[in-house]
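Encoded as structure tokens, the structure appears first; notes follow it.
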Amino acid sequence: MIEKVLIANRGEIALRIHRACKEMGIATVAVHSEADRDAMAVRLADESVCIGPASSTESYLKKSSILAAAEITGADAIHPGYGFLSENAQFAEMVEAHDLIFIGPTAEHIRTMGDKIAAKQAMIDTGVPVVPGSEGGVSSVSEAKKIARKIGYPVLVKAASGGGGRGMKVAETEKALEMAIQTAKTEAKAAFGDDTVYLEKYLGQPRHIEIQIIADTHGNVCHLWERDCSLQRRHQKVFEEAPSPALNQAQREEIGTIVAKAVKKLGYRGAGTMEFLYEDGKFYFIEMNTRLQVEHPVTEMITGIDLVREQIRVADGKRLSFSQEDVLLVGHAIECRINAEHPETFVPSPGTITDFHAPGGPDVRLDSAAYAGYRIPPHYDSLIGKLIVHGRNRNECVMRLRRALDEMVIGGVNTTLPLHRRLVEATDVIDGTYNIHWLEGFLGLD
Ligand code: ADP
């Protein structure tokens, strides 16, 4: 029985996990670096432990310090959030070796899905459609050229261990392929310590549509519909919505069922997301994330299901609190990621928040650990909050988002709020007619 959870993360997600625990009557332990002493989750948690200096390699990524903190405080379980150690199979193993519960999938599933080549193969085996490409890693340029000729240019060179859009290079022609492979390999080696790359057909105008799933250890798997995350900059999501304006109910039921069946076949437990590119009515699997996603609130808003609560329940061996028929899809939800960055140059803007006013009113949710007087440390990513709104339909949702963005004030640092205010006025965003390249065009980056 989980009675105390250690939250191995920081920022808004640490607070999000704390909130779910409190609503379940579970005690919380916040771990933090020296730079995060004044963090909201640290203030609110029942206990807190400083696990090291500001550098994340010496704190949030330091497995031994986190395990020691769990032991000292007598926590029963560790929630890794997203990023940091959330998709580190070795950490999941270490947690279980210390007789603690890892709130996430098994180390084996994390390992398989963390290797994009193995993940693609697992999907092919379970009947999920994938992007055409090389069957495994490409070992030589001549082999790559052969495969590229077969699938047709342009092709995308991707890192097997990739993440965050790194180690990804497009080659328009055979001549450019050699260079693309070299650059992708160098980038992948530096970022992930693994220079294995593979080839994929580069899709021209796709949307990014992902399916949220959750599974318990009793063989129950549910999908929670899709999220459309096509508004991206440098392959990073900026604005997400659910349901996707590109799908009808029959299409979403079909892909949801395919995904839930595949997940059941894999024997997966916990929350996860299967990411697809969607073009001309067809889905192509790109990767599976074995953790909670940043954009999970849009799913919570349309289904009324608390995903963190369910993650904790299934980690504790309980059954999902609902079945597929209970997973409703009500209205529409949109999330804006608010980063402490310049809204045009995207240069990070750490510093002290001097003014902070959260929007309110019906169906407005703000997931943020920021407050007036909070000093954003320069050591971590620049996400300072997520504004999520719900409406009975997409139009109501967009109108509500506009007024919520107008109400919101963050002073003292640059933020991407002005970008979101521009986005909700753009015709293609209002109409929902955008693809993964649209935002870079809008920003004048293509
Ligand atoms: P990462 O793990 O680095 O985020 P993903 O495989 O999830 O990489 O892809 C991130 C984004 O890159 C996708 O949302 C999409 O915008 C783009 N992308 C990935 N694969 C392809 C492809 N085959 N064709 C076109 N764009 C792609």
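What you see is a predicted model, and the numbers here were worked out from it, not measured in a lab. Ligands are counted one by one from 1 in listed order, and the atoms in each one are counted from 1 as well. Index from 1, following the sequence.
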Hey, does the Lys NZ or Arg CZ of R337 hover above the aromatic six-ring of F239, less than 6.0 Å from the centre and inside 45° of the axis?
-> no
Look at atom 16 (O) of ligand 1 and say which protein heavy atom is nearest, naming residue and atom and giving the distance to 0.1 Å.
-> Q232 OE1, 2.7 Å
Counting heavy atoms only, name the option from E287, E279, H208, H437 that's nearest to atom 7 (O) of ligand 1.
-> E287
Spell out, as yes or no, whether a donor-acceptor pair under 3.5 Å connects the side chain of E240 to the backbone of R227.
-> no
Hey, does the side chain of E34 reach the backbone of A54 with a donor-acceptor pair shorter than 3.5 angstrom?
-> no
For ligand 1, which atoms sit closer than 4.0 Å to a heavy atom of Y202?
-> 24 (N), 25 (C), 26 (N)
Modelled atom types, side-chain donor and acceptor of T28 and H18, under 3.5 Å = yes
What atoms of ligand 1 come closer than 4.0 angstrom to any heavy atom of E275?
-> 7 (O)
Could you tell me whether the side chains of Q212 and H223 share a donor-acceptor contact shorter than 3.5 Å?
-> no
Compute the centroid of each ring, for Y60 and then for Y380, and state whether the two points are separated by less than 6.0 Å.
-> yes
Taking distance alone, with no angle check, do L277 and ligand 1 share an N/O pair under 3.5 Å?
-> no
So which of Q236, K116, H235 gets nearest to atom 5 (P) of ligand 1, if we judge by its closest heavy atom?
-> K116
Can you find an N/O atom of E200 closer than 3.5 Å to an N/O atom of ligand 1?
-> yes
What is the closest protein heavy atom to atom 3 (O) of ligand 1, and at what distance does it sit?
-> G165 N, 2.6 Å
Is the backbone of N339 close enough, under 3.5 Å, to the side chain of T416 for a donor and an acceptor to pair up by distance?
-> yes
For Q182 and E178, indicate whether the former's side chain and the latter's backbone hold a donor-acceptor pair under 3.5 Å.
-> no
Could you tell me whether ligand 1 has any atom less than 4.0 Å away from a heavy atom of K158?
-> yes
Check E335, Q232, E295 against K237 for a side-chain hydrogen bond (donor to acceptor under 3.5 Å, both in side chains) and give me the one that passes.
-> E295
Which atoms from ligand 1 have a heavy atom of L156 less than 4.0 Å away?
-> 19 (C), 20 (N), 21 (C), 22 (C), 23 (N), 27 (C)
Proximity winner for atom 15 (C) of ligand 1, if only heavy atoms of I209, N435, I436 are counted | I436
Can an N or O of L203 be found at a distance shorter than 3.5 Å from an N or O of ligand 1?
-> yes
Counting heavy atoms under 4.0 Å, the part of M168 that contacts ligand 1 is side chain
